[in-house]
Chemist: 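Take a look at the following structure, please.
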Amino acid sequence: MGTAGARFMVAKQLAASGGLYLEDGDTRLAMDPGPGAVVQYAKRKVDLAKLDGILLSHRHLDHCGDVNVMIEAMTEGGFRPRGTLLCPSDALDDDPVVLQYVRRFPRTVVRLEPETEYKVGSIAFSTTRRHIHGVETYGFRFGEPADGATPESGWKMGWVTDSGYYEGIADDHRAEVMLIHTVLSQSRPELPHLGLDDAERIIGEARPRLAILTHFGMGVWRERPWEVAAAMSERTGVEVKSARDGMKLEL
């Protein structure tokens, strides 16, 4: 639903900031609905009243700006309580981003914990360890590993959300397909975000079937992420694509 990351890309709307949307059978899950998400869902004719859940990786506005209107839409203004909201505790506590009055609308509100398994309808996923970021933040892996698969393999999709690089980040998100948030063109120790150099290192270590770069900061956008992805494919030997607004992918 959108590929913009960080405040300047979101403020200028050079790309949409609607987050991700996942379907599995009849189960529908909205993830990180940033500013304008409700518009992107309407544009693509997704009925928000049929959502089964809303998942937040963390409380920064580019990831949760539309969470309250999405909750209202999922529950038809609160007149039809349904669905699940899953988010870190600090999205609900001090200076909350989820408003008090909408919290009674979902059937369930779940506070995410590190390295914990969850299920919304038919969509199974697990949180990673807590990311290096300014607020409580988690990455995710989706799709239960097949019988006999090790905990580090067999996942269908790994979602590398906002974080500074840390040892083990590739293993934490290893999956057949990996989505990687690349805010910075070059990593900077003082900024807890991944750079393109970090993304390439993660891809080289995890060796997914497909890696998708997304959540672009202004510096990455200026470097033409589709060209960056093509060059990264050549260097790593892994298929790397640049996400685009409205992009669809079957797993």
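Atom set for the values below is all heavy atoms of this structure, side chains included, hydrogens, waters and symmetry mates excluded.
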Chemist: Quick one: are F142 and L22 in side-chain contact, heavy atoms under 4.5 Å?
Modeler: yes
Chemist: Are the side chains of R209 and M178 in contact, using a 4.5 Å heavy-atom criterion?
Modeler: no
Chemist: Please report the shortest heavy-atom distance between E136 and L112, naming the atom on each side.
Modeler: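 That closest heavy-atom pairing would be OE2-O, 3.7 Å.
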Chemist: What closest approach, in Å, do I202 and A170 show between heavy atoms, and which atom pair accounts for it?
Modeler: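 In this case the closest contact between I202 and A170 is O-CB, 3.9 Å.
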Chemist: Please find the pair of heavy atoms, one from L29 and one from I54, that lie closest to each other, and give the distance.
Modeler: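 So the two residues come closest at CD1-N, 3.9 Å.
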Chemist: For F8, what residues pass the side-chain contact (heavy atoms from CB on, under 4.5 Å) criterion, not counting sequence neighbours?
Modeler: M218
Chemist: Heavy atoms, side chains only, cut-off 4.5 Å: are Y101 and N68 in contact?
Modeler: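 With C-beta onward as the side chain, the pair stays apart.
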Chemist: Output all residues satisfying side-chain contact (heavy atoms from CB on, under 4.5 Å) with V228, sequence neighbours left out; order by chain, then residue number.
Modeler: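 Here the qualifying residues are L196, L213, E223, M232.
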Chemist: Using the side-chain contact (heavy atoms from CB on, under 4.5 Å) criterion, which residues pair with L20? Sequence neighbours excluded.
Modeler: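 Once residues adjacent in sequence are excluded, the partners of L20 under the side-chain contact (heavy atoms from CB on, under 4.5 Å) criterion are M31, W159, L179.
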Chemist: Among residues two or more places apart or on two chains, list those pairs meeting side chain to side chain donor-acceptor pair (under 3.5 Å) that have a residue in residues 231-249.
Modeler: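 Qualifying pairs, neighbours excluded: T3-D245, E200-R235.
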Chemist: side-chain contact (heavy atoms from CB on, under 4.5 Å) with E190: which residues, sequence neighbours excluded?
Modeler: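 E190: side-chain contact (heavy atoms from CB on, under 4.5 Å) contacts with R188.
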Chemist: Verify the cluster assignment for Y118 and W155: are they in a single hydrophobic cluster under the rule of side-chain heavy atoms below 4.5 Å apart?
Modeler: no
Chemist: Do you know which two heavy atoms are closest between A4 and H215, and how far apart they sit?
Modeler: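 Closest heavy-atom pair between A4 and H215: O-ND1, 3.2 Å.
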Chemist: Would you mind telling me which of I71, L56, V38, V69 makes a side-chain contact (heavy atoms from CB on, under 4.5 Å) with P33?
Modeler: L56
Chemist: Tell me, which pairs form a ring pair (Phe, Tyr, Trp, His ring centres under 6.0 Å) where one or both residues lie in residues 226-251, sequence neighbours left out?
Modeler: none
Chemist: Going by the side chain to side chain donor-acceptor pair (under 3.5 Å) test, which pairs reach into residues 17-45, not counting sequence neighbours?
Modeler: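 For residues 17-45: Q13-S17, Y21-E23, D24-S122, T27-S122, D32-S57, D32-H63, Q40-R44.
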Chemist: Side chain to side chain contact (heavy atoms under 4.5 Å, CB included) between L61 and V10: does it pass, once the steps are laid out?
Modeler: CA-CA 9 Å; L61 284 178; V10 172; over 6 Å; no
Chemist: Evaluate the criterion side chain to side chain contact (heavy atoms under 4.5 Å, CB included) for residue pair M9 and W221; output intermediate values, then yes/no.
Modeler: CA-CA 9 Å; M9 283 289 292; W221 187 254; 3.7 Å; yes
Chemist: Apply side chain to side chain donor-acceptor pair (under 3.5 Å) to D172 and list each qualifying residue two or more places apart in sequence or on a separate chain.
Modeler: R129, Y166
Chemist: Answer whether the closest heavy-atom distance between the side chains of V160 and I169 falls below 4.5 Å.
Modeler: yes
Chemist: Do side-chain atoms of D62 reach the backbone of G5 as a donor and acceptor pair under 3.5 angstrom?
Modeler: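 No, the answer is negative, given that no donor and acceptor are paired below the 3.5 Å cut-off.
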Chemist: How about V183 and V220: do any of their side-chain heavy atoms sit closer than 4.5 Å?
Modeler: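 No, their side chains stay 4.5 Å or more apart.
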Chemist: Can you run down the salt bridge (Lys or Arg N to Asp or Glu O under 4.0 Å) pairs that involve residues 68-79, sequence neighbours left out, and say none if there aren't any?
Modeler: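 The answer is E76-R80.
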Chemist: What residues, two or more places apart in sequence or in another chain, satisfy salt bridge (Lys or Arg N to Asp or Glu O under 4.0 Å) together with D93?
Modeler: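 Result, salt bridge (Lys or Arg N to Asp or Glu O under 4.0 Å) vs D93: R111.
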Chemist: Under the 3.5 angstrom rule, does the side chain of R82 hit a backbone N or O of L51 as a donor-acceptor pair?
Modeler: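 Side chain of R82 to backbone of L51: a pair is present.
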Chemist: For V46 versus M1, what's the shortest heavy-atom pair and its separation?
Modeler: CG2-CE, 3.9 Å
Chemist: Holding to side chain to side chain donor-acceptor pair (under 3.5 Å), I want the full list of residues that pass it with R201, two or more places apart in sequence or in another chain.
Modeler: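 Y165, E167, E205.
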Chemist: So, do H131 and H181 have ring centers that fall under 6.0 Å from each other?
Modeler: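 Not close enough - the centres of the two rings lie 6.0 Å or further apart.
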Chemist: In the single-linkage hydrophobic clustering (I, L, V, M, F, W, Y; side-chain heavy atoms under 4.5 Å), do I180 and L184 co-cluster?
Modeler: no
Chemist: Can you tell me if CZ on R7 sees more than 12 non-hydrogen neighbours from other groups inside 6.0 Å?
Modeler: no
Chemist: Using side-chain heavy atoms (C-beta onward) and a distance below 4.5 Å, is L55 in contact with T84?
Modeler: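 In short, these two side chains do not touch, never coming nearer than 4.5 Å.
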Chemist: With side chain to side chain contact (heavy atoms under 4.5 Å, CB included) as the criterion, how do T108 and L85 come out once you've worked through the C-alpha distance, each side chain's angles and the decisive distance to 0.1 Å?
Modeler: CA-CA 6 Å; T108 311; L85 170 69; over 6 Å; no
Chemist: Assess whether side chain to side chain contact (heavy atoms under 4.5 Å, CB included) is satisfied between T128 and F140, documenting all intermediate values.
Modeler: CA-CA 6 Å; T128 64; F140 303 89; 5.9 Å; no
Chemist: Parallel, tilted or perpendicular: which fits the ring planes of H58 and H60, with parallel below 30° and perpendicular above 60°?
Modeler: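 Ring orientation, 0 to 90° scale: perpendicular.
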Chemist: Contact between T182 and T214 at the side-chain level, heavy atoms closer than 4.5 Å - yes or no?
Modeler: no
Chemist: Does some side-chain heavy atom of L48 sit less than 4.5 Å from a side-chain heavy atom of M74?
Modeler: no
Chemist: According to side chain to side chain donor-acceptor pair (under 3.5 Å), who are the partners of D47, at least two apart in sequence or on a separate chain?
Modeler: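 Expected list: none.
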Chemist: Grab the two heavy atoms, one from R103 and one from L92, that are nearest each other, plus how far apart they are.
Modeler: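 Closest approach of R103 to L92: NH2-O, 2.8 Å.
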